[in-house]
Amino acid sequence: MSFPLLTATAALPAIGAIATAAVPAARRTAAKWLALLVSLATLVLAAIVLVRFDPDGDRYQLTESHWWIKDFGVRYELGVDGIGVALLALTALLIPFIILAGWHDADPLETGNTRWRPTQGFFALILAVEAMVILSFEATDVFLFYIFFEAMLIPMYFLIGGFGDRAHEHGEETASTQRSYAAVKFLLYNLVGGLIMLAAVIGLYVVAGNFSLQEIAEARANGSLDMATNTERWLFLGFFFAFAVKAPLWPLHTWLPNAMGEATAPVAVLITAVVDKVGTFAMLRFCLQLFPEASNWATPAILVLAVISIIYGALLAVGQRDIKRLVAYASISHFGFIIMGIFAMTSQGQSGATLYMINHGISTAALMLVAGFLISRRGSRLIADYGGVQKVAPVLAGTFLIGGLATLSLPGLAPFVSEFLVLVGTFARYPVIGIIATFGIVLAALYTLVLYQRTMTGPVKPEVATMPDLRVRELVVVAPLVVLLIFLGVYPKPVTDIVNPAVKATMSDVQKKDPQPEVEAAK
């Protein structure tokens with residue numbers, strides 16, 4: 001029996017989470033180092049998965065399959081395609097930076113009376129989320145995927161509600177209330193989506209007789225499973241609703257600004273750069289593959305919602321006073337681009353959407369983590385409380401600028417390539433949607449440059465006059481992300497080579513071919 005590499009990649013952070021939580025209360029530094037070492041070891045395993053994956057090989061590779069609940073037809077079935085392996089690698093890459101960035105976020109907190117924050121629990125929860133996200137990218141049994149899709153909500157709930165941002169304008173008591181509100185809202189929105197999906201999962205089993213993604217897809221392709229049109233559409237809507245909440249897609253997005261605003265910066269990155277990607281990934285893996293007719297049927301409505309997300313998120317980002325909520329609304333706009341690329345039903349659009357998931361994860365991590373370092377120094381999330389930072393902390397300001405320019409998809413930085421592919425792929429089939437979506441780029445330039453101008457330029461405010469520049473630990477967090485943004489902006493081929501065969505297979509699932517350009521006949 002071959003070594004279960006995919007299981008090991010998910011099991012290591014799960015075991016690490018248990019071990020970190022078990023570290024004695026007085027040894028919180030040891031707990032931090034243990035969590036960091038486990039995340040680095042997971043990154044090594046993810047790198048091995050990436051190296052062993054053959055883009056030109058079978059669609060699903062490194063597969064594992066064992067009976068789990070045989071009486072109900074549930075299998076422990078894992079496998080990765082090009083899209084799954086790329087997002088697995090992104091998750092494993094970001095977690096060590098998240099842990100390093102949050103090194104002091106769960107240290108003892110004093111607010112009049114000394115209140116100890118459970119440091120070990122903070123880092124254990126991050127590792128638990130990593131394990132569940134990785135398993136979500138690997139699962140090829142629909143029920144197994146559902147279990148971890150829902151289970152990740154619990155550690156995220158405690159990370160948002162129990163370890164919120166210390167920089168709050170209204171004091172600790174109000175901050176605690178708002179954290180609790182944000183955590184409950186996050187949980188309720190996603191639980192409702194999950195319950196609707198559970199009904200669809202049960203319905204799929206009734207129709208197909210099993211939960212195996214590959215078996216159901218093959219049966220649909222060869223005609224041995226003939227699903228009634230209305231049945232397929234209802235099942236599609238059940239799955240899509242849950243994924244649209246997680247993504248998040250307008251109008252199911254309202255939990256995200258609260259969650260990101262009240263969470264610490266590293267947890268905010270965990271939400272939008274890691275956890276939310278499960279929603280868009282699942283649209284590609286499950287919605288399009290299991291329900292091709294329904295996916296084509298729903299495409300016009302989904303594209304309208306996606307373009308509303310793009311413009312709405314960008315407009316609200318322009319008007320934000322809070323740095324973290326600005327990044328949250330910008331992410332809603334970016335997820336609109338990702339969903340638009342998926343349902344453009346072109347190879348350029350879907351390749352761009354997958355690349356966008358990766359590039360957005362890196363760019364948002366860079367911008368939000370530097371913003372977190374900035375906020376921790378000043379103790380405020382309000383844009384108006386800053387000014388002239390570039391004169392006293394030029395490295396911090398420079399990295400903040402690079403993260404911001406990546407967010408607005410400046411050519412030469414990674415998000416530009418993915419956004420360009422999404423727009424080209426959308427315009428080829430839906431030109432009106434593609435044209436409207438381009439206004440999101442203009443708005444992105446507006447909110448990003450205004451944010452930089454108001455915080456980093458101008459006269460130095462007295463409150464930031466003594467602000468220190470980035471420290472060594474913070475540079476270790478930010479520098480690799482900046483390098484990746486530049487490298488993938490100039491040379492995205494290593495990623496596109498991995499994802500393109502999987503995109504081609506997905507296009508075959510929905511029986512779509514790229515539209516041919518109309519070329520005027522030579523006279």
Side-chain angles (χ1 to χ4, degrees), residues 17 21 28 35 98-99 101-129 132 150-193 245-246 248 252-276 316 320-332 364-365 368-369 371-383 385:
R28 58 177 189 276
I98 289 171
I99 289 173
W103 201 252
H104 298 298
D105 285 357
D107 283 352
L109 178 66
E110 290 188 8
T111 55
N113 296 320
T114 301
R115 181 167 64 85
W116 288 87
R117 294 154 68 95
T119 305
Q120 288 85 338
F122 178 77
F123 293 100
L125 290 169
I126 291 174
L127 291 176
V129 172
M132 293 173 187
E150 285 293 276
M152 70 179 72
L153 300 180
I154 304 305
M156 286 306 309
Y157 168 81
F158 287 109
L159 283 169
I160 296 168
F163 300 92
D165 195 346
R166 299 178 183 182
H168 202 286
E169 57 185 309
H170 299 301
E172 175 60 26
E173 185 175 348
T174 302
S176 179
T177 301
Q178 293 192 4
R179 284 198 297 270
S180 298
Y181 172 77
V184 170
K185 189 174 183 179
F186 162 82
L187 188 64
L188 289 179
Y189 266 67
N190 284 275
L191 277 179
V192 169
V245 172
K246 184 84 79 180
L252 305 171
H253 67 283
T254 59
W255 62 267
L256 183 66
N258 295 100
M260 288 185 65
E262 299 305 322
T264 64
V267 172
V269 172
L270 188 65
I271 295 169
T272 191
V274 177
V275 171
D276 287 355
L316 264 67
Q320 288 303 305
R321 298 165 52 245
D322 184 308
I323 296 173
K324 291 167 70 178
R325 289 178 70 90
L326 185 151
V327 179
Y329 280 110
S331 290
I332 292 169
T364 299
M368 180 58 88
L369 293 179
F373 298 148
L374 177 70
I375 291 167
S376 67
R377 284 159 165 74
R378 173 67 177 83
S380 173
R381 296 166 8 201
L382 298 180
I383 296 172
D385 288 342

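Starting from 1, each residue takes its place in the sequence as its number.
- Lys246 places no side-chain N or O within 3.5 Å of a backbone atom of Gly193 that could act as its donor or acceptor partner.
- Going from atom CG of Asp105 over to atom CG of Leu159 covers 11.0 Å, rounded to the nearest 0.5 Å.
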Legend entry - side chain to side chain contact (heavy atoms under 4.5 Å, CB included) between Ile271 and Ile160, worked out: CA-CA 9 Å; Ile271 295 169; Ile160 296 168; 3.9 Å; yes
Inset, instruction - Determine, stepwise, if the pair Leu316 / Ile332 fulfils side chain to side chain contact (heavy atoms under 4.5 Å, CB included). - result: CA-CA 10 Å; Leu316 264 67; Ile332 292 169; over 6 Å; no
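- Applying the side chain to side chain contact (heavy atoms under 4.5 Å, CB included) criterion to Leu191, with sequence neighbours excluded, gives Glu150, Leu153, Leu187.
- Atoms CG and CD, on Leu125 and Gln120 in that order, are 11.5 Å from each other to the nearest 0.5 Å.
- With rounding to the nearest 0.5 Å, the separation of CG in Leu374 from CG in Leu369 is 12.5 Å.
- Partners of Arg378 under the side chain to side chain donor-acceptor pair (under 3.5 Å) rule, at least two apart in sequence or in another chain, do not exist in this structure.
- Nearest heavy atoms, Ala328 versus Pro257: CB-CA, 3.8 Å.
- A pairwise comparison of heavy atoms in Ala17 and Ala128 identifies CB-N, 3.8 Å as the closest pair.
- At least one donor-acceptor pair closer than 3.5 Å links the side chain of Arg381 to the backbone N or O of Gly261.
- Scored by the salt bridge (charged side-chain N to carboxylate O under 4.0 Å, His left out) test, Arg377 finds Glu474 as partners (sequence neighbours excluded).
- Across Phe123 and Ala35, no two heavy atoms sit closer than the pair CB-CB, 3.7 Å.
- Proximity of His104 to Ser376: side-chain heavy atoms (C-beta onward) are nowhere separated by under 4.5 Å.
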Legend entry - Full working for side chain to side chain contact (heavy atoms under 4.5 Å, CB included) between Tyr329 and Leu256: CA-CA 8 Å; Tyr329 280 110; Leu256 183 66; over 6 Å; no
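- Using a 4.5 Å heavy-atom cutoff, the side chains of Arg325 and Asn258 are in contact.
- Here the CD1-CG distance, from Ile99 to Leu127, works out to 5.0 Å after rounding to the nearest 0.5 Å.
- Every residue meeting the side chain to side chain contact (heavy atoms under 4.5 Å, CB included) condition with Ala268, not counting sequence neighbours, appears here in chain and number order: Met260, Met368.
- For Phe122, the ring-ring contact (aromatic ring centres under 6.0 Å, His included) partners are Phe163, not counting sequence neighbours.
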Inset, instruction - Would you sort out whether Val274 and Val269 count as a side chain to side chain contact (heavy atoms under 4.5 Å, CB included), showing the intermediate values? - result: CA-CA 7 Å; Val274 177; Val269 172; 5.7 Å; no
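- Put simply, CD1 on Ile375 and NZ on Lys324 are 5.5 Å apart, with the number rounded to the nearest 0.5 Å.
- Met156 CE to Leu270 CG: the interatomic distance, rounded to the nearest 0.5 Å, is 4.5 Å.
- For Tyr189, the side chain to side chain contact (heavy atoms under 4.5 Å, CB included) partners are Lys185, Val245, Thr254, Trp255, not counting sequence neighbours.
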